[in-house]
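Quick note on labels: first sequence line is chain A, next is B, and so on, each numbered from 1. Heavy atoms only: backbone and side chains are in, while hydrogens, waters and symmetry mates are out.
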Number of protein chains: 2
Amino acid sequence: MDTKILCLGALTMGAATGYEIRKICEEGPFAHFHASSFGSIYPALNKLLEEGLVVCTQHAQDGRPDKKVYALTEAGRAVFLEALSQPLAPDRRRSEYTFALFFGHMLEPGRVQELLDSYLKSFHTRAECIKGVDPSTFPPGQRFVFGFGQAMYHAAITYITSHRHLLEKEP
Amino acid sequence: MDTKILCLGALTMGAATGYEIRKICEEGPFAHFHASSFGSIYPALNKLLEEGLVVCTQHAQDGRPDKKVYALTEAGRAVFLEALSQPLAPDRRRSEYTFALFFGHMLEPGRVQELLDSYLKSFHTRAECIKGVDPSTFPPGQRFVFGFGQAMYHAAITYITSHRHLLEKEP
DNA sequence: ACCGGCATGTAACGGGTTACATGATTTT
DNA sequence: AAAATCATGTAACCCGTTACATGCCGGT
């Protein structure tokens, strides 16, 4: 499940530019489960174009590079659906925060608090980010996933708040 | 926070072979937040050895490669603690399941059920895996992290179980 | 005046996974 | 008899991030 499939997925929601797809991946919904950046998105779109899985209409703009709006072709949609019917890789998570907290007893108390505070803040930020969307306009899959993300962030906040004392010994 | 730091962290819990470190990373505690495999662990250990951050005592075995037991040096411990005091990267998650479910309305109902079932199963398996450890023997950081993992897996199971109907329309 | 947003793309670099290579012993 | 476990390591490959390159427009 690489960046190409990611782009095809983004395009099922409507035509978009590479710039817009990057926003979906870095700030929008995909940020929560499949982040991706410029360096991989632009090349992926060009490859998809070569393969005929997307088409591109160019819109001239003054003073800026042409805006290239990509849209899914029938072949592209087929490839996307095919990819979703393949066996899926298990979830992968990489958390430097969890890693550091695992060794909390070796750190200075101030550092532990710092970590807990900024970790909590990151979950709050992400939860906020989801709250901003109006769920009624989305298909059920997307509603399910947004709710899932929110549930996870909530659970993290609740756990950290109620168990941080395990790591913080007061003086 | 690369594989080298990961290995140093593993070695703070006691001397170990590359093989044992891999187990910690693929089946043990680190699997939940920082998986890593042979191909990165062995080279990392060799680099650490060159840099004097670990030492290695070789134990001859018959019929097998020598067992190389690595242990942390003072310098290694210092580098590890230094790494934990650096700014940490935000959590990164990659979930093909979530991605696929996001497009649930485009999939066959059977496939959606399949996905939900195996996703649930994966969380159950992971939660089980944590339950197997006796928390009383661990330092607070590790207890905190185990509890955190369990809380997250629980939250996932609860959410999916109670919201899967959003994606499953009965006939 | 300066910063952030729009808009595209390339190149270098780093990092990790996968597969390959070897082989005995224990469990099923 | 086959498969899993112990035990190490290398090499090729894939992929993605980061930095670089360019440049205008609108807001502060």
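- For A/Phe144 and B/Tyr159, the ring centers sit closer than 6.0 Å to each other.
- Nucleic acid contact class of A/Gly18 (heavy atoms, under 4.0 Å, all strands): sugar-phosphate only.
- Taking atom CZ of residue B/Arg94 and atom P of nucleotide D/dG16, one finds them 6 Å apart after rounding to whole Å.
- Ring pair A/Phe80/B/Phe103 is perpendicular by interplanar angle, where above 60° counts as perpendicular and below 30° as parallel.
- Remark: B/Ser40 is in phosphate contact with C/dT17, judged by side-chain N or O atoms under 4.0 Å from OP1 or OP2.
- Without hydrogens or angle criteria, A/Thr3 side chain to A/Leu6 main chain gives no donor-acceptor distance under 3.5 Å.
- The side chain of A/Ser36 lies closest to D/dT17 when the candidates are D/dT17, D/dC15, C/dG5.
- B/Phe30 and A/Phe102 have perpendicular rings, their planes meeting at more than 60° on a 0 to 90° scale where under 30° would count as parallel.
- OP1 or OP2 of C/dT17 has at least one side-chain nitrogen or oxygen of B/Ser37 nearer than 4.0 Å.
- Between the CZ atom of A/Phe38 and the P atom of C/dT10 there is a distance of 14 Å, given to the nearest Å.
- Rounded to whole angstrom, the span from the CD1 atom of A/Ile24 across to the P atom of C/dC6 amounts to 13 Å.
- Taking atom CZ on B/Arg22 and atom C1' on C/dT18, their separation rounds to 14 Å, with Å as the unit.
- Per the geometry, NZ belonging to A/Lys67 stands 4 Å off P belonging to C/dA7, to the nearest Å.
- Computed from coordinates, the B/Asp66 CG to D/dT8 C1' distance equals 10 Å when rounded to whole Å.
- Across the protein-nucleic acid pair, B/Ile41 atom CD1 and D/dT10 atom P stand 14 Å apart, rounded to whole Å.
- Using cut-offs of 30° and 60° on the angle between ring planes, the pair B/Phe123 and B/Tyr119 is tilted.
- Here A/Thr17 reaches the OP1 or OP2 of C/dT8: one of its side-chain N or O atoms lies under 4.0 Å away.
- Contact check, A/Tyr19 against C/dT8: no side-chain N or O comes under 4.0 Å of OP1 or OP2.
- In this structure, the CD atom of A/Glu26 is 13 Å from the P atom of C/dG5, given to the nearest Å.
- Distances shown here put a side-chain N or O of B/Tyr42 below 4.0 Å from the OP1 or OP2 atom of D/dT8.
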